[in-house]
Amino acid sequence: MRNSPDELTPDFRFPKSTRLLTATDYSDVFDAVDFRISSHHFLLLVKQSPTDRSRLGLIIAKKHVKLAVQRNRLKRLSRESFRTNNATFPNFDLVLLAKKGAGTRSNNQCVKELEFIWRKFKNRAKT
RNA sequence: UGAGUUUGCCAGGCAGUCGCUUCGUUAAACGAAGAGGAAAGUCCGGGCUCCGAAGAGCAGAGUGCCAGGUAAUACCUGGGGGGCGUGAGCCUACGGAAAGUGCAGCAGAAAGUGUACCGCCAGCCUGGUAAGUUCAGGAAGGUAAGGGUGAAAAGGUGCGGUAAGAGCGCACCGCGCGACUGGUAACAGCUCGUGGCGAUGGUAAACCCCACUCGGAGCAAGACCAAAUAGAAAUCUAAUAGUGCGGCUCGUGCUGGAUUUGGGUAGGUUGCUUGAGCCUGUUGGUGACGACUGGCCUAGAUGAAUGACUGUCCAUGACAGAACCCGGCUUAUCGGCAAACUCUUUCU
RNA sequence: GGCGCGAUAGCAAAGCGGUUAUGCACUGGAUUGCAAAUCCACGUAGGCCGGUUCGACUCCGGCUCGCGCCU
C-alpha cells in the first residue's frame with residue numbers, strides 16, 4: 001500500500017511510512033538523541049532520520065495521563081498537528097513524550113504548545 | 001398543583017473541507033463500514049485453547065428460605081418469612097446452637113448442668129418490755145414478685161394461691177411437639193390435641209455440622225513460518241526407580257532422567273470475529289424466558305484507527321475509548337423523553 | 001490485556017473481635033562551662049464508604065491509591 005506521494009506537492013497525508021512502528025525504531029532514537037526540546041507538558045526527542053522523510057512516534061504514558069480518553073485525545077491532536085506541519089520539516093525521527101498534567105489541558109492549549117515546539121525544532125534543525 | 005415510586009428508551013443532529021483503519025471494485029481514484037451503556041472495575045458465570053483423558057478420594061474454596069428460567073451463575077422471575085415506609089413500593093448472607101469445641105472486656109450477686117448483693121418472709125435464738133401479735137439484732141433457711149448492672153438476666157397480662165413468693169394452679173396471648181387442612185414447596189391456619197414452658201439464652205460474615213457446586217491455567221492461552229537453539233562438558237541416579245499430569249493420594253502416560261557450567265534468540269502470520277448474534281411478526285407462560293416464521297451481517301486495530309476546522313439547529317452535550325468473545329453484577333454519569341402507579345392540596 | 005499483593009503516627013515496622021506494641025524523629029526537663037551521647041516525660045495513628053456483631057484496625061462486600069509478575 002505504498003503509493004509514493006512524495007511528488008504531490010502540498011502533502012498533508014499521514015501514512016505509516018511517516019511513523020515510528022517497531023520497538024527498534026524507538027530504541028534507536030533513545031540510544032542516540034541529537035537534541036531535545038521541552039515545554040511545560042511535552043518533551044520532544046530528535047534524531048537524524050535514516051529514511052528520506054521525517055517520522056513521528058508518540059509515548060503517552062499511563063502514569064502521566066490516567067484516562068484512556070485523554071491519552072487518545074493527545075495522540076490525535078499531536079498526529080493532526082504533525083500532519084499539517086510535516087511538509088515543512090527536515091528529515092528527522094521525532095519522539096514526543098507527554099509529561100504529567102498534559103491530559104487536563106484543553107485542545108487549544110495543546111495545539112499552541114505543539115506549534116511552539118515545532119517552531120523551536122525547525123530553528124534548531126537548521127544549525 | 002406539588003412531592004414521590006417503578007419500568008423502559010436516548011446519549012447531540014445535519015452539511016462541507018483535510019486526514020486515519022479495514023474491506024471491495026478497478027487501476028490511483030471511487031464506494032461501503034468504523035467504540036459504550038457502562039467499552040470501566042475484573043466481582044461472579046460460561047464458551048474457546050493448552051495441560052494425555054478430566055476420572056475417584058482427601059484437603060481447600062464458594063453458595064445457603066422455596067419453586068422456576070438459563071449454556072451457566074453469587075444473576076433474573078414468581079412466591080414465603082422478617083424489617084422499613086401514610087402509600088405506590090423498597091431492603092433482606094434468610095440452613096443448623098436438643099453433634100461437639102470456643103467466645104462474651106468493663107459493669108454486675110450471677111454471663112450458663114444459672115445466681116442470692118440490696119430487698120421480702122412465717123418459725124427459731126438474743127435483747128427490750130409486766131407481757132405480747134409490736135420494735136431492734138443474730139444464725140440457719142425460703143424466695144425470683146421489686147431494685148440496681150449490662151448489648152443480653154430465660155415467657156407476658158389478669159385472677160387465685162402463699163409466711164413471702166414462684167406456671168404452683170387457672171383463663172387469654174406467646175412458645176415447643178404431634179396431627180389435620182391448604183399449597184409442587186418454602187410456609188400458613190380465629191383448626192384439633194398435647195406439654196407448664198429453668199424444656200431449647202446469644203454468637204456459625206468464630207471453628208464446625210448438613211446440603212449443593214467447583215481439576216488447573218489463561219489469547220502475553222495456543223498453532224504455524226523464518227532464523228537460532230541443535231550440540232558439548234561435569235556430577236548424581238535407575239524398574240519396589242525416576243519424572244510429567246501446577247495442593248496431596250489413588251490412578252495413569254513416558255523411558256533414560258535430574259542438576260550444574262558455558263553459549264544463544266525474542267521477527268512475522270494466525271487465533272480475530274457468523275455469534276448461547278440482532279430486528280420484525282405469531283404464539284405458550286402470572287413472569288424471567290421459551291418455540292416457530294421471515295429478514296439482516298453490524299469495528300477488528302497491533303506504537304494501536306472515529307479526529308481537526310468551518311457553518312447551522314437545539315435541550316448547549318455528562319461519565320467516559322473495543323484489544324479473544326458472550327451472560328450478569330458493581331461503580332461513574334449532564335440532562336431529556338415515555339408509560340403505569342402512590343400520597344398531598346384545591347375544586348366538582 | 002491478564003494474574004497477584006499491599007495501605008497502621010512525620011518515617012519505619014509488629015500483633016490482635018474488647019482503650020494499638022516498639023524504634024528513629026519532634027517538643028520539654030535532667031546531666032554539662034557549652035554541646036554530643038545517656039536518662040526521664042509528653043504529644044502525634046488504622047486509606048474511604050457500607051454490612052455482620054453488644055462491640056470492627058481485625059470478619060465480609062464495594063470504591064480509591066500504590067507496587068510486583070507474565071511480553
Side-chain angles (χ1 to χ4, degrees):
Chain A
M1 66 160 286
R2 288 260 171 154
N3 30 16
S4 67
D6 303 280
E7 281 74 30
L8 301 176
T9 28
D11 184 17
F12 293 127
R13 290 157 189 269
F14 187 55
K16 278 196 174 177
S17 53
T18 61
R19 307 184 201 177
L20 298 179
L21 292 176
T22 64
T24 49
D25 290 343
Y26 277 87
S27 51
D28 285 349
V29 174
F30 273 100
D31 289 344
V33 178
D34 289 346
F35 58 92
R36 59 186 76 200
I37 293 163
S38 80
S39 69
H40 281 292
H41 299 96
F42 296 99
L43 173 67
L44 186 70
L45 305 181
V46 184
K47 179 187 173 293
Q48 196 83 38
S49 176
T51 64
D52 58 349
R53 67 190 70 210
S54 55
R55 300 189 297 176
L56 178 71
L58 295 169
I59 297 181
I60 317 287
K62 202 173 188 177
K63 206 168 185 179
H64 297 320
V65 183
K66 285 194 60 187
L67 293 180
V69 169
Q70 299 189 347
R71 286 199 299 277
N72 282 342
R73 187 168 59 85
L74 288 176
K75 286 189 209 168
R76 285 173 190 142
L77 286 172
S78 40
R79 282 201 206 99
E80 185 71 17
S81 179
F82 177 81
R83 182 177 71 83
T84 51
N85 292 302
N86 188 18
T88 63
F89 283 0
N91 295 341
F92 280 93
D93 281 351
L94 311 174
V95 172
L96 186 73
L97 293 98
K99 295 186 187 173
K100 216 168 225 173
T104 59
R105 314 292 288 172
S106 73
N107 285 10
N108 271 331
Q109 287 172 316
C110 287
V111 167
K112 278 179 193 163
E113 211 171 318
L114 287 166
E115 280 173 355
F116 167 77
I117 285 183
W118 302 140
R119 243 183 293 124
K120 274 185 91 172
F121 156 63
K122 281 189 275 188
N123 289 339
R124 286 288 298 273
K126 280 175 195 164
T127 59

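The structure displayed is predicted, hence computed values, not measured ones. A note on names: the letters A, B, ... follow the listed sequences, proteins ahead of strands, and every chain is numbered from 1.
Computed from coordinates, the E80(A) CD to C309(B) C1' distance equals 8 Å when rounded to whole Å. Rounded to whole Å, atom C1' of A318(B) lies 14 Å from atom CD of Q70(A). Rounded to an integer number of Å, the gap from N107(A) CG to U310(B) C1' is 16 Å. Between L114(A) atom CG and A308(B) atom P the separation is 14 Å, expressed in whole Å. Whole-Å rounding puts the R79(A) CZ to C20(B) C1' distance at 8 Å. Atom pair E115(A):CD and A308(B):C1' shows a separation of 12 Å (rounding to whole Å applied).
Taking the P atoms as reference points, G222(B) lies 14 Å from G246(B), given to the whole Å. Spacing between C209(B) and A199(B) at atom P, rounded to whole Å, works out to 27 Å. Atom name P, nucleotides G12(B) and U22(B): the rounded distance is 27 Å, in whole Å.
Judged by the 6.0 Å and 45° rule, R83(A) forms no cation-pi pair with F14(A).
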For each nucleotide in nucleotides 64-71 of chain C, reading 5' to 3', give B when a protein heavy atom comes within less than 4.0 Å of its base, S when such contact involves only the sugar-phosphate, and - otherwise.
-S------
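Closest contact between the side chain of N108(A) and the listed nucleotides A308(B), G321(B), C309(B) involves C309(B).
Glycosidic torsion of G15(C) falls outside 90° of 0, placing the base in anti.
Put simply, R19(A) has a side-chain N or O that comes within less than 4.0 Å of OP1 or OP2 on A304(B).
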Dot-bracket assigned to RNA chain C with the 3.5 Å Watson-Crick/G-U criterion, [ ] for crossing and | for other-strand pairs, is (((((((..(((.....[...)))..((((.......)))).....(((((..]....)))))))))))).
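In summary, the side chains of R73(A) and N107(A) do present a donor paired with an acceptor at a separation below 3.5 Å, with no hydrogens or angles considered. Between the side chains of S54(A) and N86(A), at least one donor N or O lies within less than 3.5 Å of an accepting N or O.
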